[in-house]
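See below for the structure under consideration.
Residue numbering restarts at 1 for every chain, and letters A, B, ... go by the order of the sequence lines.
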Amino acid sequence: MTATIPALPSQYDPTTTEAKWQKFWEENQVFRADPDHPGEPYCIVIPPPNVTGSLHMGHAFEHSLIDVLIRYHRMIGRNTLWLPGTDHASIAVQTLLEKELKAQGKNRYDVGRDAFLERAWQWKEASGGTIVGQLRRLGLSVDWTRERFTMDEGLSSAVLEAFVTLYDEGLIYRGEYLVNWCPASQSAVSDLEVENQEVNGHLWHIRYPLTDGFGAIEVATTRPETMLGDTAVAVNPADDRYKHLIGRTVLLPILNREIPIIADEFVDASFGTGCVKVTPAHDPNDFEMGKRHQLPFINIMNKDGSLNENAGPFQGQDRFVARKNVVDQLASIDALVRVEEYRHTVPYSDRGKAPIEPLLSTQWFVKIRPMADRALEFLDQQTSPVFVPERWTKVYRDWLVSLKDWCISRQLWWGHQIPAWYVVSETGGQLADQTPFVVARNETEAREKAIAQFGEKVDLVQDPDVLDTWFSAGLWPFSTLGWPHQTVDLERYYPTTTLVTGFDIIFFWVARMTMMAGHFTGQMPFQTVYIHGLVRDENNKKMSKSANNGIDPLLLIDRYGTDALRYTLIKEVAGAGQDIRLEYNRKTDESASVEASRNFTNKLWNASRFVLMNLGDYDFLVLTAELEKNLRSSKLRTQNSLELADFWIVSRFHQTVAQTRQHIDQYGLGEAAKGLYEFIWGDFCDWYIELVKSRLQGEDAHSKQAAQQVLAYVLEGILKLLHPFMPHITEEIWQTLVQSGQATLPTDGTTLALQPYPIADRDLINADLEQQFDLLIGTIRTIRNLRADSDIKPGTKISTVLQSESDRECQILTAGAAYIKDLAKVEALTIRPSTPGCTSGTATVDSTFQPDNQRLLVIGGVGLGIIFVIKIIQALLGALDELPLVPGFLQLVGFGYILWFIYRYLLSETTREELYQRYQAIVESSLGQISLATPEPVPQLVASPQPQMAAGVVGTVQVLIPLAGVVDVAALRGKLEKDLAKIEAEVQSLSNRLGNPGFINKAPAEVVQNTRTTLEEAEKQATILRDRLNQL
RNA sequence: AGUCCUGUAGCUCAAUGGUGGAGCAUCUGUCUUACAAACAGAGGGUUGCAGGUUCAAAUCCUGCCAGGACUACCA
């Protein structure tokens, strides 16, 4: 059975493993959603990546987060669906294809609409799968059988339905407005597709002479060519400098057009000269002013960005050429006052990468107000959707309140063509702005409508424009599930549970989905919106194409594995929604943080190898079933050879289960991931595995078996807990573990991904036990620490004395004596009580050791030990009888001890048992030394003189290690003094606090009590250290 | 300009108002029979600055400073 195990390499190789399981999951349709599954639905629709895109770190981050949520909910029994897909990205695809055509010396009009679209579909078939293939490498548990595309048949019909309905309801209209024009793509774009960039420009000051000949007025502009379209100059009505000019006219230079000086509140008298040139057809503010004052709207620009016939001598020139020429001419006619260097923001087209021109044109718009108000109602009255983190609610709300009508038409071909047909027969066969139109689901329906209105002889031409990609994206959560048809999926999975996305598209996408969903489905499309942060680069900058600072996730996956990358991204998230930073070295393509996660996968791999190597011939189910039975039948007793360490790790495990679930339920994915790291590496690998090693190699078959059971049980639990975060490696190990060492692909599709997530069993969590273990761990650490400080070689076995005045501490130490000896490499361990105020040199087994004559001394020592015990008994009797007659210091000490001893050990049965165990431990440790072959430190059972000892404190346990050979007293002293100084500072601080009446009176009693307890302990530690120092 | 987020060890981040902890990195030891991608140990802090509230502030309030994001832009 275990034959395959030794063949496992000592380093985990993610490359083959990850590909193997990705293929397995997909082939077995493990993630295919079943509407009939009994669980409560848990559905997430993917934020559709752009079909032209390739995987960037933002995708990797977002999808890792979603996959954790999805895998977790699938494992806790929810009916889970993660629906994937892509959007068609009108402008991006069109730009790409036009570039191709341009390389062939053609444009889209040369090839025609149909051929162009054919090419587009060909391109989509050939290259549109890139991003989808890359998503697969992330190991996402999406249901590929339900993959959608915004231009597939179903979604296209949803778009039609939505458009026609909105139009019929008067929520879509057509009109002439100023839109953001992208001369590069020659299309309108929405406000949101505009990216403002700071540029170094100029502010040109131009003089406009008054037509009546007396003086001139000075205006300033960053776009001097627009002066050709000026139809007024505006001043603030309250501006005393210009009041007298209002109503008079100026002569526009070059064109010599007479334009009025108007008064408008919009003008800021304090900026520049306080005079503004007004170009209503080329500036949004001027557009509003133009409407207010009924000014003429003069459009001076063609759609390609060149100037038109209204630009007079500059007709045909590109806008930037014209700008220079206009400036030159203004200078030549002395109308240019001055040129100022000026830093300002210029709107750029997000896709076309060219400066936007505000341009007057006829477009289609969605009337936003009624839909936004509906979404606001859901938010204000039903707190729907819920935003995580909560602060984004305000951003979302502000946006809904201030939304303006949405321009949805794009002068492009790739996309959903607008279902409006112009009755061109009414306008002489031409499609003009005023041509009447009908809106319908298809041409047949359009023709019927047109005939009804305009008679039999109608010629129809469909609107050539397409809809904004976000129009179809706004329908995504329900159109992908089948809307407008009432499908089983829509019934079962809508509204979806959670939407996970970045805050940069709350406006673009989230608000549009809520508006559309509110309107068409009467409910919000998701219950919760989890807004995650950005991935920043190593310099804390947002990763973006324009900054070219992206880090390729595939490069990191190749180097470290998908699991490592996913885990890194998730572990970095603090709380919900915080930005994360990714360490990266651009020269070597290495990332320290991903490497750390890779190391973690390797740690898990090796821990699992260890477990598998030590399980022998086993049947996984039998092994864990047996343990379950034993854990529950006898809890903390040890009849089943389960011991302290076993109960401890089981308790820690269930604690971790509870904590992990709680974190994930509250979107604390980073905390959950970090918690698992600590448990797996810290508790399980560093402590538990080390603790069971001797049992696995020991003689006690029952103890060995118990350890095997616990190892298997906890390891399987770990794999389940970690699966949502690191799906591949956990699947690989789990398959091997449950197949009793075989690592074959299961033929029945059995997978970790469908196993139930661990449930925390409160009965197995034992806080007291964990606390006890903390003392053992602390003690082991202190001994190791003293060893290192004292230059004791790691391989050397030593003697150690642990002394505490606390019964409880002595009990714990005794119970864990074997662990301490094992992990701190202690050969002779003495645990003994110390009376208060008498922390060393009592009449118990003394801790004086000498490095020679060991054999003789040991024999003598054992003898003396026996005599010592007898003496105690004698002293007990003697003291009772002869107390007044036996003076002397030693006897008094002995008597004090005896009284304490009786009280402590002899009055009850349990403490008598403890005494016996202690005695056993002492005997064992002494006998252990007899078998030593080489000279070792050995206890000399004489009270004085004091030896050289390394000393430390943990809790109120004094840890003493006798030192052999030449001892650096100064170093010992330095160490002790340093420790003491630290403790004394703490004592001082605590005393001060307790000496403050305000604190005693006002602080909660519990806090005061805790402070007192801490002070007592600190004082004890200080006493111990001072004592030790005195004896040096 | 407005809104929001973030300033804690060299780096990345923790700490229900109760007196600052991890992981990486560094340094020192160790190839101890799962793992050197490891193990054991150590050092490292005026919590951005200045006030205020409080018995008590990294935490709450105010103002600055720095970084970042978003929105709107003044021609």
[X], nearest nucleotide to its side chain (from [options]):
X: A:Lys825; options: B:U32, B:C24, B:C39; value: B:U32
X: A:Ala788; options: B:A38, B:A37, B:G41; value: B:G41
X: A:Lys542; options: B:G41, B:A69, B:G18; value: B:A69
X: A:Asn602; options: B:A34, B:C35, B:A75; value: B:C35
X: A:Thr221; options: B:A75, B:A34, B:G18; value: B:A75
X: A:Asp686; options: B:C55, B:A40, B:U33; value: B:A40

Distance only, no hydrogens: is a donor on one side chain within 3.5 Å (strictly under) of an acceptor on the other, for [X] and [Y]?
X: A:Trp734; Y: A:Glu716; result: yes
X: A:Asn606; Y: A:Tyr12; result: no
X: A:Ser694; Y: A:Asp822; result: yes

Distance-only criterion, 3.5 Å: show the donor-acceptor pairs between side-chain atoms of residues 993-1003 of chain A and protein atoms not counting sequence neighbours.
{"unit_1": "A:Asn996", "atom_1": "OD1", "unit_2": "A:Gly998", "atom_2": "N", "d": "2.8"}
{"unit_1": "A:Asn1001", "atom_1": "ND2", "unit_2": "A:Pro997", "atom_2": "O", "d": "3.1"}

[X] side chain vs [Y] backbone, donor-acceptor pair below 3.5 Å:
X: A:Thr221; Y: A:Arg223; result: yes
X: A:Ser989; Y: A:Ala985; result: no
X: A:Tyr560; Y: A:Pro14; result: no

Any strand counts, and the cut-off is 3.5 Å on both contacts for Watson-Crick or G-U wobble. Which nucleotide pairs with [N]?
N: B:A40; result: B:U28
N: B:U46; result: none
N: B:A58; result: none
N: B:U53; result: none
N: B:G23; result: B:C11
N: B:A69; result: B:U3

Counting only side-chain nitrogens and oxygens, does [X] get under 4.0 Å of the OP1 or OP2 atom of [N]?
X: A:Tyr342; N: B:A75; result: yes
X: A:Lys693; N: B:A34; result: yes
X: A:Trp399; N: B:U3; result: no
X: A:Lys978; N: B:G43; result: yes

Nearest-Å distance for atom pair [atom1]/[atom2], residues [X] and [N]:
X: A:Asn996; N: B:C55; atom1: CG; atom2: P; result: 9 Å
X: A:Arg207; N: B:A75; atom1: CZ; atom2: P; result: 22 Å
X: A:Asp789; N: B:U30; atom1: CG; atom2: P; result: 16 Å
X: A:Tyr567; N: B:A37; atom1: OH; atom2: P; result: 20 Å
X: A:Trp681; N: B:A40; atom1: CH2; atom2: P; result: 10 Å
X: A:Lys603; N: B:G23; atom1: NZ; atom2: P; result: 13 Å
X: A:Asn599; N: B:C24; atom1: CG; atom2: C1'; result: 10 Å
X: A:Gln1009; N: B:C55; atom1: CD; atom2: C1'; result: 17 Å

Side-chain donor/acceptor of A:Arg598 to base of B:A37, under 3.5 Å: yes
Classify the side chain of A:Glu678 versus the base of B:A14 as yes if they form a donor-acceptor pair under 3.5 Å and no if they do not. no
Have a look at [X] and say if it touches a base, only the backbone sugar-phosphate, or nothing, with a 4.0 Å heavy-atom cut-off.
X: A:Ala596; answer: nothing
X: A:Ser608; answer: nothing
X: A:Gln697; answer: base
X: A:Asp268; answer: base
X: A:Ile1000; answer: nothing
X: A:Glu690; answer: base
X: A:Arg536; answer: sugar-phosphate
X: A:Tyr677; answer: sugar-phosphate
X: A:Ser593; answer: nothing
X: A:Arg223; answer: nothing
X: A:Cys685; answer: base
X: A:Pro997; answer: nothing

Please name all residues satisfying side-chain contact (heavy atoms from CB on, under 4.5 Å) with A:Asp239, sequence neighbours left out, ordered by chain then number. A:Asn236, A:Arg241, A:Tyr242, A:Ala269
Below 4.5 Å, heavy atoms only, C-beta onward: do A:Arg566 and A:Phe61 meet side chain to side chain? no
Using a cut-off of under 3.5 Å, enumerate the N/O to N/O pairs linking the protein to nucleotides 9-13 of chain B.
{"unit_1": "B:U12", "atom_1": "OP1", "unit_2": "A:Arg581", "atom_2": "NH1", "d": "2.4"}
{"unit_1": "B:U12", "atom_1": "O2'", "unit_2": "A:Glu572", "atom_2": "OE1", "d": "2.6"}
{"unit_1": "B:C13", "atom_1": "O2'", "unit_2": "A:Lys674", "atom_2": "NZ", "d": "3.3"}

Aromatic ring pairing A:Tyr677/A:Phe600, orientation class (parallel under 30°, perpendicular over 60°, tilted between):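 Taking A:Phe600 first and then A:Tyr677, their aromatic rings sit tilted (interplane angle of 30° to 60°).
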